[in-house]
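Some notes on the structure that comes next.
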Protein chains: 2
Amino acid sequence: MEENKDVTIYDLAEKLKLATSTISRALKDHPTISSKTIKKVKKMAEEMGYVPNTLAAGLRGNKTNTIGVLIPTVTQPFLSSLISGIEIAARKSGYNVIIMQSHDSYEEEVSMAKSLYSSRVSGIICSLGMKTVDTTHFQQFVNNNIPIVFVDRVPKDFNTFRVIIDNHAAAYKATVHLIEQGCKRIAHITAGSEFGNLYNERKRGYIDALTKYNLPVEKELIADLKTVTYNEALKASDKLLDLKNRPDGLFASGDIMAVSAIQSAKKRGIRVPEDLKVIGFNNDPISEIIDPNLSTITHPAAKMGQMSAEIILKSIKFPNKDEVKEITFLNTEVLVRESSKKI
Amino acid sequence: MEENKDVTIYDLAEKLKLATSTISRALKDHPTISSKTIKKVKKMAEEMGYVPNTLAAGLRGNKTNTIGVLIPTVTQPFLSSLISGIEIAARKSGYNVIIMQSHDSYEEEVSMAKSLYSSRVSGIICSLGMKTVDTTHFQQFVNNNIPIVFVDRVPKDFNTFRVIIDNHAAAYKATVHLIEQGCKRIAHITAGSEFGNLYNERKRGYIDALTKYNLPVEKELIADLKTVTYNEALKASDKLLDLKNRPDGLFASGDIMAVSAIQSAKKRGIRVPEDLKVIGFNNDPISEIIDPNLSTITHPAAKMGQMSAEIILKSIKFPNKDEVKEITFLNTEVLVRESSKKI
DNA sequence: CTTTTTTACGCAACCGATTTAGTTAGAATA
DNA sequence: TATTCTAACTAAATCGGTTGCGTAAAAAAG
């Protein structure tokens, strides 16, 4: 019932017979305020239950200490780890994190970019939606010197910070690993190849590895999913393993797809890794749980989130107008577990 | 270089020789503004690239159209689905979502609650940290009529909205299911029981079911983890399955723990479900992937998120001061899959 | 005991949108 | 023609901190 009005610096000023400017400065330990006054102000603030109004500060200073995060979804392990990394790094510097999910919809992404701009975020971290080709909706951030970092799924022709892994190299390594384990017919599961995305990079790595080692690239060994779901992947795996000339190795562009292949193999009595060696991508939690344990490519999600946030923070702190926005490559490694071991 | 100042309603007003009040109203289709003027204003806004400043509006109106979410972590499937549900519902009403992770630290939770209040969120959705007993840090929201919803892990003695499942009933159902499948010695894996949390509710449900069916409750069959990690759970499972008088059924308070039990059983040549029937809790993605498929209790994460957000939104729209904050119970179901089938 | 410097604080504009309480011009009514 | 209404605006206060600039008082220097 008590319409509890917030305590403001005006209330503090009145109580202490000081100017609001003094209060404001005292609360932030401004050097021109005597330590005695600072102590007095802080004590009173505590007593009266003063809570700063971030909005007001943000309005005046035109900065909100908020980082916007725009990603397809939060429910994929990679992306939730990414968020976690971002949130931890941001919070360490007193920044908040606003999350938006584009659900791989271009229209949503555009609308959300506008919304984030409207919220005057201090920076934005984005992983593009599956169908996003055009990126003009991010131009407003660039124009207004709001730092923007693209992570993982990044645009090609946009001069901004980027935090990525070398998808081609990683896929190449994965494929070579299978070859070194003695595989001769290596299948590949990929997704959404009609959009120029990171899955294509991985596919290229796969193809280049085969070529390098003089193995034929066969269309029937490459499955291209419309959407990355377990069931879709399972169907694709079934098809691959039912081929007359069955593959003896399989590189999947994601762990879920790799797991589906393992399950599909089990159903058919195909032994992994004896008859089929499998390697995935991402090092999702499931990869250590599935039996046999899944070999995979590490994908440092939390680290990528952390670095993205740090780049934003640094860029806010030192808004050097250098035209060159660096690209940060993070390492990936082949994580050999059971599913690809040579017997 | 061009210090691109934002276009404001002042710029529009000047350009169109109108008052800022007219601009403001025109942009929101206020009925007292002629449709001709509205059209004119909107066109100019578009042309000049006007983007509303949410901060300013928020400051004036003392509302931010932002919902704060305070949870232990975003990387657990249940919680990331929860977030997803919240975000979708919030966004549908034009609300933003700020995420903070307490990492089960009480101090972090307190600090973040303050921070969210400082950001003047319009409402807050919270799932308590493992160690949180005291909840005075949420009192400020109540005092200032900021709607607060606790979800899943909720406090007992705090008159706020709560969105939960009936953990006791769900656990009871799960245990009864095992009994009905013929299990006589049913083990249980729980966690963090020193804190009065929802795992305890489930444990109670387990015990009550055993009692009801005249099965003895044996201490050695109950494993209590310090932290819910796969490895911890694996160790506990190993111990349970190495008992002289081995259990023939196992109810785990989480799917990860249930999966660990399945893996532990496999290592020992104990067949699931023939020799050991297992049921988990949550219906995490992994439950459909593990072999055998894991029977589990559904836990409607996204739905709970959605409802939490809707309660907040409704509460903002109709700030009726009724002292009674309803508790929303969501349904859970026993999802019978392979791991608990009678042979 | 002046003059200069330093310390510590006050004044007031400012950020950009919202909103209350008018005001004006033209239409409707008498 | 005088009066009342109404539609369509405008002026100005407001939200709560922040900050450039100004100034009084105390300290240091001369």
Side-chain angles (χ1 to χ4, degrees), chain A residues 3-42 44-45 48-66 94 115 117-122 144, chain B residues 3-42 44-45 48-66 94 115 117-122 144:
Chain A
E3 276 305 318
N4 239 322
K5 287 289 286 178
D6 285 330
V7 177
T8 70
I9 56 169
Y10 290 92
D11 301 324
L12 293 178
E14 195 180 11
K15 204 83 166 188
L16 292 169
K17 301 290 170 213
L18 285 171
T20 61
S21 47
T22 306
I23 306 290
S24 173
R25 292 185 174 113
L27 289 170
K28 331 196 89 81
D29 295 308
H30 196 281
T32 71
I33 307 296
S34 71
S35 54
K36 195 168 43 166
T37 305
I38 290 184
K39 208 170 290 175
K40 206 166 55 178
V41 169
K42 286 191 174 173
M44 182 59 77
M48 298 180 66
Y50 168 77
V51 181
N53 185 324
T54 327
L55 282 185
L59 176 57
R60 171 59 219 250
N62 201 36
K63 55 185 148 58
T64 52
N65 282 37
T66 299
S115 180
Y117 185 81
S118 203
S119 299
R120 296 300 190 277
V121 291
S122 304
N144 293 281
Chain B
E3 277 305 317
N4 240 323
K5 288 288 287 176
D6 285 331
V7 178
T8 71
I9 57 170
Y10 291 93
D11 301 326
L12 293 177
E14 193 180 15
K15 203 83 165 191
L16 292 169
K17 301 290 170 210
L18 285 171
T20 60
S21 44
T22 306
I23 306 290
S24 174
R25 292 187 172 110
L27 289 170
K28 331 195 90 80
D29 295 308
H30 196 280
T32 71
I33 307 295
S34 71
S35 55
K36 196 168 44 168
T37 305
I38 291 184
K39 206 170 294 177
K40 207 167 53 178
V41 170
K42 287 190 175 173
M44 183 58 78
M48 297 179 66
Y50 168 76
V51 181
N53 184 325
T54 324
L55 280 186
L59 176 57
R60 174 58 222 250
N62 201 35
K63 54 183 150 55
T64 52
N65 283 38
T66 299
S115 179
Y117 185 82
S118 204
S119 299
R120 297 300 189 277
V121 290
S122 303
N144 293 281

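The chains referred to below are lettered A, B, ... by the order of the sequence lines, with proteins before strands, and numbering in each begins at 1.
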[X] near the nucleic acid: base, sugar-phosphate alone, or nothing, with a heavy-atom cut-off under 4.0 Å?
| X | result |
| --- | --- |
| Ser34(B) | sugar-phosphate |
| Asn62(B) | nothing |
| Thr54(A) | nothing |

Going by modelled atom types, is there a donor-acceptor pair between the base of [N] and the side chain of [X] at under 3.5 Å?
| X | N | result |
| --- | --- | --- |
| Arg60(A) | dG20(D) | no |
| Thr8(B) | dC15(C) | no |
| Arg120(B) | dG16(D) | no |

In whole angstrom, what separates [X]'s [atom1] from [N]'s [atom2]?
| X | N | atom1 | atom2 | answer |
| --- | --- | --- | --- | --- |
| Lys28(B) | dG16(C) | NZ | P | 16 Å |
| Lys40(A) | dC9(C) | NZ | P | 7 Å |
| Asn65(B) | dC15(D) | CG | P | 20 Å |
| Leu27(B) | dA17(C) | CG | P | 9 Å |
| Ile23(A) | dT19(D) | CD1 | P | 16 Å |
| Leu55(A) | dC15(C) | CG | C1' | 12 Å |
| Tyr10(B) | dT10(D) | OH | P | 14 Å |
| Leu18(A) | dA8(C) | CG | P | 14 Å |

Are [X] and [N] close enough that a side-chain N or O sits under 4.0 Å from OP1 or OP2?
| X | N | value |
| --- | --- | --- |
| Ser24(A) | dT18(D) | yes |
| Lys63(A) | dC15(C) | no |
| Thr37(A) | dA8(C) | no |
| Ser21(A) | dT18(D) | no |
| Tyr50(A) | dG17(D) | yes |

Quiz item: Taking for each residue the nucleotide of DNA chain D with the nearest heavy atom, is it Lys17(B) or Gly61(B) whose nucleotide lies nearer the 5' end?
Solution: Lys17(B)
Quiz item: Mapping Ala56(B) and Thr22(B) onto DNA chain D by nearest heavy atom, which one lands closer to the 5' end?
Solution: Thr22(B)
Quiz item: Arg25(B) has a side chain; which of dA21(C), dG17(D), dC15(C) sits nearest to it?
Solution: dA21(C)
Between [X] and [Y], is any pair of side-chain heavy atoms under 4.5 Å apart?
| X | Y | answer |
| --- | --- | --- |
| Ile33(B) | His30(B) | yes |
| Asn53(A) | Arg120(B) | yes |
| Lys42(A) | Asp29(A) | yes |

Quiz item: For Thr37(A) and Ser34(A), does a side-chain donor sit closer than 3.5 Å to a side-chain acceptor?
Solution: yes
Quiz item: Start at the 5' end of DNA chain C and walk down; is the nucleotide closest to Asn53(B) or to Ala19(A) reached first?
Solution: Ala19(A)
Practice problem: By nearest nucleotide on DNA chain C, pick out whichever of Ile33(A) and Val51(B) is the more 5' one. | Solution: Ile33(A)
Practice problem: Could you go through the side chain to side chain donor-acceptor pair (under 3.5 Å) check for Asn144(B) and Tyr117(B) one step at a time? | Solution: CA-CA 10 Å; Asn144(B) 293 281; Tyr117(B) 185 82; 3.0 Å; yes
Quiz item: Under 3.5 Å, is there a donor-acceptor pair between the side chain of Thr66(A) and the main chain of Thr64(A)?
Solution: yes
